[in-house]
Amino acid sequence: MVIQRDIKKTMNKAKYDVAIIGGGHNGLTTACYLAKAGLKVVVVERHDYVGGAAVSRELHPGWTYSNCSYVCSLLRPEIFRDLELSKHGLQIIPYEGSASMLDDGRFYAHYQDHDLTYRSIAQFSKKDAEAYDRFGKDVMRQCKIIKPLLKLTPPDPTSFKPKDIMGLFEFAKYFAAKDELGGLGEKEIYDTIRFWTMSVRDYLEEYFESDIVKVHLAGSAIIGTALGPYSPGSAYVLLHHYMGEVDGTVGAWGYSRGGMGSITKAMASSFKSKNGEIKAGSPVTKILIKNNKSYGLVLENGDEIYADKIVSNLDVKRTFLKVVEEKELPSDFYRAVKNFKIRGSSGKLNIALDDLPVWKSIPIGDPAGTGDLHITQNIEEMEGAYDDWKDGKWSQFPYVDMCIPSINDPTMAPQGKHYMSVFIQYVPYNLADGGWTEEKRKEFGKHVMERIGNYSTNFKDIINHAEIRTPKELEAEVGLTEGNIFQGELTMDQLMFNRPVPGYAQYKTPIKNLYMCGSSTHPGGGVMGAPGANAAREILKDLNKKMSTHYI
Amino acid sequence: MNTTKISYKKPLLETPFHERTSEHCYSNDWYRWAGYKVAKEYSSTELEYTSMRNTAGVIDITPMHKYDIKGEDAKNFINKLITKDISNIQSNQVAYGIWCNEDGMVIDDGTIFCFNENHFRIFCAERNLNWFSDTGTGFNVTIEDISSSIAALAFQGPLSCKILNLLQVKNIENLKPFHFDSYKIEHHNVIISRTGFSGDLGYEIWCDPSQAIDVWDNLFKFNRDYKVLAAGMNALDMVRIEAGFIQPNADFMSAEQALRPNRMRNPYELGLGWLVNLDKEYFTGKQALIRHKEKGPEKKLVGLDVEGDKPAVGSVLYDNSKKNIAKEIGIVTAAMWSPVLKSNIAIGFVNKEYYKLGSNVYAEIYHPEELDYRKIWAECKVVKKQFFNNPRRNAIPAFI
Amino acid sequence: MKNFDVIIIGAGHNGLAAASYLSKKGKKVLVVEKNQNVGGLAEYSDSLNCVSPIIKKELNINVTNVDKTTHIVSLEDNQNHTVLEDNNGKLSFLKTNAEEEDQQKFLSIINNYKLFSKTLGSFMFQQPPRVKSGKKSDLFQLISMGWKIRKLGKKNMRELLRIIGLNIADDLEDNLSNNNLMGLLSHEAVLGTNLGPRSPGSILTLLYKQATNNNIFNLKKIEVAEYIKQLEDCCNKNMVEIIKSSEVKKILTQNNSVTGVQLTNGEVFESKYLMSNADPKTTYLNLLGAEILDTDFIRRVKNFRNKGNVAKLELVLENEININNIDKNMYGKFIYAPNIKYIEHAFNANKYNKYSDNPCLEFYVNQNTISANVYYVPYLLNSHHEENKIIKRCVSILSKFIPEMKIAKQELTTPNKMEEKFNIGGGHWHHGDLEIDQLLMMRPFYGSSQYSTPINGLYLCSAGTHPGGGLTGINGLNAAKKVIEELK
């Protein structure tokens, strides 16, 4: 092996300013910014296509699956603008609200129209319909507080460097001093602490009385996390789904036309237009390190790529447990990475449908049927689903979040047919009874499809093809450790200056010239691009390069 | 009218008067009010306004929120809720009040109808069910949202009593301001109160939704001689500015809805200090209001008599006649040219040093003129908010 | 009608501590107690590890250390129990089937936690500073808190900031492999809280309890009854009037100020200063009445989470109790929480307002009596507990370790019964959950922090205030100091 590499080394020597491992949306964001700053950048991607977890793939002839992430809202508008994604072909189609289907034949819906939503909630509780506005206002306030923090490199509270002390002041400023919110008072500061630490169930109990209202809203707090609605800290996760926007409509979600891959495709196109290079089909096996400095990459075929700076878009565990050798790392850091919590808790079904499903509760034509559709009855059931997961079982009554992008985007499926994306919470990475097998995977898929089938009159008859993905598949295909969609749990111990590892929250690593830019870093997961852009800013700072953008 | 039945095809509800209002509404210009469609302008705002000031105007105010408060603690509940003391309120009397949160910031205002000691009804512009319910903790009261079960019209203008009189509404001329009673219009039982937003003689008529169309038609019965017009929200906005009434979420943010804590306002800032009775044993926000009163407001909502005839809509207010050295000291929240007063009026916030009556401030007006804006630096005099106050409003018996 | 400087509602240990302090400062104090005996919920506490040095100093309480319990026995179904000895805070294994490495790691985790809780402890006993109150003293105190955390050093500070939001199960699983040891420590973290081992924040509760109890395993080293008696004696010595079997019906106010209390028998006592040792919810909603509280404030009172979930089981056996596989001289605090999964499953039921079919137990044995804490047995709002079923489950668990059990007497005190007996809303040990949003300056909630209330002259001194439950007496003492400041 060693000999072989030496031979190759002489054959293929390329030198870059920056090499980025992994062409996910964050890797591409970092790449774009660095290329824009005039650096010679290469993105090294394992697959033949870029995109990571934001991809569109034709896994069944004629159908395009957004087979990992499926809706878009969090992508920071400044990044959208800096990368000129619109020019590079990205179109975002907003969709109508969301609905939860109930066992008793009713459904609960949020529409784009405020008054319609009010009346929809009032069917279940007038008080809740009114409280929804107050809730929306309070969460919006939290969004306003956190938004500027997303762009901040978290300061290290243990450091005495001026940069960190200033950073802490900056942090404090958003809570205490005058800002857009006019400065928060004592009450509002406590509200914020409460919001960041409470369970979503306790938080919602303070506003709502109706089960369905609570559970419908709680869904956003558990998607992708190994927390239940009763777990303290889950309320905060709401933000990761509320702080987005579609063309200025705050909190709105949209489909990207042509699937989520269109986002990364546009990013790749933007990158190439700045003379960036993408090496697809090139899995990285090792990061070359000498004297605690990284200087290159080894590919699976033995090729080596040299670069002054290496940036890893892989999650922190994959980076430091798989492609960096243990001996290169301080033991504390190594242990911290090993203990980083990154848990698979979600499954995904991508289903090709011959027709549009007809729901028992939602009338045909009601726009409620065109947004996300949840299947869940009450918050106890949702917590019960989490209890199953804790025991290493897939949920008996999983929380199902479905959408049919082809309703608004005919490019996703052949004429008259449809593509449905089904997100399932919770599914464990390891099954307690002996691990995943092909049969169990199919059984899991059947279990979910049966649950969906119970709410539809025709669903079972129109399934043409279904791709069933457990966290195992997600890990195998995208490389996310344990199949965690956020590259690490969004719990208090892993946020801000704790993300991914205390002391290394500033996109840097113990290895010189090696950086992280994935969702394992602050501010975490979602197709947001902020970690990538923040990492780019830190790298440019280290290179003493200034550039003017809307983000940095 | 069933509020629970929802249709995505018709996101906005229609009031019981819709059959008529839609007939009158040539402009098809609707305003969203609490999920209902009400006319913004029927055909000409100026004409509608004129009817309210010179004959009588009819406004569909059905979307107003209505809450029934019943139970042995009903009066105590109201006294905890609002800032003024209604201990001495009599049956058939109406009280105007505001309610504040614990920080003494105004949530909303409304009219409170006293049916008897154990039964009150609150009419207000914003939804308040949660606030009322939470305020009711510990009281023996039931609080019910009855908004959809009552149809309502405002009938405002100098001839309003005359026309009701012609409709044989018995003894209506002797109904005192801020009182209500049961009456008959034709054979329909209605409640009529001598209240309203116009600052002039006027009534509000409350009836069962099933009678709505009949009641409406009756008000227009004598149109051969008396030109009664249906008036839209724009016209209503004009008369309420003239009368100096303020509106939550237009002149100030309701404390329950404000995203930014610094956008909330206390009664003293709104010039509503007269509605606060700090001698009352207890009400929500009392302790904070004692502090606010002691400190005095940093800024205050005042009336402005603006130079010239160009409305100072959204203008920033300055302290000096010389533009280049002027400092920002306030903002206009509502402004218009008043046809009846023939003057240019505005309502706005000004800082401490300027809210004394007679102070001079300056407004920078951006006046649109054929696709171009003309910048006008207009002198404004601080005056009472109540620009229009006709003796007719309170005369007993009412002007027939 | 008599007039007092201060009236205290409830003669729980915090009420007594407050009364002692105030009377020592020469104030005329009246304590009104609902029950025949003073001490309140303290009678249910089996464990008192030490009397806080502050209480000792301020009130001259001098309780002899009886060194009653020095052993911790963690029971396991396969009878391979683990026994730990606590020698003045120094822990050692007497018996265990855990690997040597695990034992060492276990002790080092505890040492780590001790270090952190020492830092927390340094601001545990003072009145918590408010954030942005505008007062310099608060700001100074906040800065000094921050400084104390920084003084831990880079590595420890980072670790503290990380684990403060972490769940105990994760931290233990990262470091240990022995199920029994993990269960044992998780037990200490979750007992009396509304958390399971996998709930984020469960390490914080452990650190918190350790800081207030001065020991991670809150062992019984002092007779609780003696401590309470000393407090009562201290009151008596200083002419505190304690009227027992008298229940306060209403707190009387005028113009937002306290004027006195009215008892259920109609008697009225007047005072301008009143301290409530009742929990915050009871104080505000029942004694004071929501009618005179601001609506936003009522919302917060209602949102205060105070559902208890620990029941007390007292068993008297006809025979002497022998525990399998444990020498008599190793008896001490017994814990049955065999592993994390078991505890978490017991917790699962609690979430849905059901009691655990397989509850966790913590108990002490004395000749032929067993006194056990059983969890999770949640407070039920609209239904009642099937007590016999719960007792049966507990007995069947105990009989795994006690071969002979002839039960002569059995009594289960559920949270509902505790509520009834002591007027503690929700029957919660700590009067309210110990979670970040209900700690420090946020305990019990905004507008009522630092022992004060929106009503002039009314103060809280119960476990519902900082630093929460446990037999510290600190709540009472701090509140009393606040009153003295006001009286000046």
Side-chain angles (χ1 to χ4, degrees), chain A residues 96-97 99 106-145 178-189 191 206-209 250 362-370, chain B residues 1-14 30-38 63 65-67 101-105 107-108 124 126-136 143-149 248-249 253-265 288 298:
Chain A
E96 183 88 24
R106 294 187 297 170
F107 71 100
Y108 168 91
H110 287 181
Y111 296 86
Q112 274 183 349
D113 186 272
H114 177 262
D115 289 311
L116 206 48
T117 302
Y118 171 86
R119 289 215 303 289
S120 163
I121 306 176
Q123 285 178 298
F124 295 86
S125 159
K126 251 188 188 177
K127 272 191 191 170
D128 286 359
E130 190 183 311
Y132 181 64
D133 285 350
R134 189 156 56 92
F135 168 80
K137 172 205 68 175
D138 288 350
V139 173
M140 184 57 66
R141 191 184 280 163
Q142 298 308 327
C143 289
K144 288 226 178 281
I145 292 169
K178 290 247 181 278
D179 61 354
E180 196 213 344
L181 291 168
L184 298 179
E186 186 181 6
K187 183 159 61 164
E188 287 84 21
I189 291 174
D191 278 350
E206 298 193 352
Y207 295 89
F208 305 109
E209 57 182 15
V250 178
I362 306 174
I364 295 171
D366 193 319
T370 65
Chain B
M1 201 171 17
N2 187 353
T3 47
T4 56
K5 189 149 176 74
I6 72 159
S7 163
Y8 61 89
K9 285 176 190 151
K10 275 192 179 172
L12 290 182
L13 296 172
E14 292 166 356
W30 300 95
Y31 176 78
R32 255 172 199 249
W33 183 3
Y36 285 91
K37 279 164 94 165
V38 288
H65 297 286
K66 313 162 193 97
Y67 300 93
N101 71 5
E102 62 178 342
D103 300 318
M105 298 303 179
I107 292 172
D108 198 1
C124 48
E126 299 296 321
R127 290 193 174 104
N128 276 289
L129 186 59
N130 279 316
W131 186 258
F132 291 171
S133 304
D134 292 341
T135 303
I143 295 148
E144 197 190 348
D145 181 354
I146 50 160
S147 300
S148 57
S149 58
N249 301 334
M253 286 303 297
S254 160
E256 277 274 274
Q257 293 168 34
L259 182 65
R260 299 165 181 80
N262 64 349
R263 298 297 200 278
M264 302 175 190
R265 295 286 173 262
E298 285 297 312

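Just so we're clear, the structure is a prediction, and the values are computed from it rather than from any experiment. Lettering follows sequence order; numbering is per chain, from 1.
The minimum heavy-atom distance between B:L259 and A:R141, with the atom names listed, is O-NE, 2.8 Å. Smallest separation of non-hydrogen atoms from A:L184 and B:P261: CD2-CG, 4.5 Å.
Proximity of B:R260 to A:K144: side-chain heavy atoms (C-beta onward) are separated by under 4.5 Å at one or more points. Inter-residue side-chain proximity for A:D113 and B:R32 is flagged as met; some heavy-atom pair is nearer than 4.5 Å. Side-chain atoms of B:R127 and A:Y118, non-hydrogen and from C-beta on, do get closer than 4.5 Å to each other.
The backbone N or O of B:E256 sits less than 3.5 Å from a side-chain atom of A:K137, completing a donor-acceptor pair.
The residue among B:D103, B:L12, B:D145 with the most heavy atom pairs within less than 4.5 Å of chain A is B:D145. When the candidates A:G365, A:P363, A:A131, A:A109 are compared by the number of heavy-atom contacts under 4.5 Å with chain B, A:G365 comes out ahead. Comparing A:R134, A:E188, A:H114, A:K127 by how many heavy-atom pairs each has under 4.5 Å with chain B, the most go to A:K127.
For chain B, the nearby parts of A:E130 are the backbone and the side chain; heavy atoms of each come within less than 4.5 Å. Residue B:K10 touches chain A through its backbone alone, counting heavy-atom pairs closer than 4.5 Å. Both the backbone and the side chain of A:D366 come within less than 4.5 Å of a heavy atom in chain B. Neither the backbone nor the side chain of B:E126 comes within less than 4.5 Å of any heavy atom in chain A.
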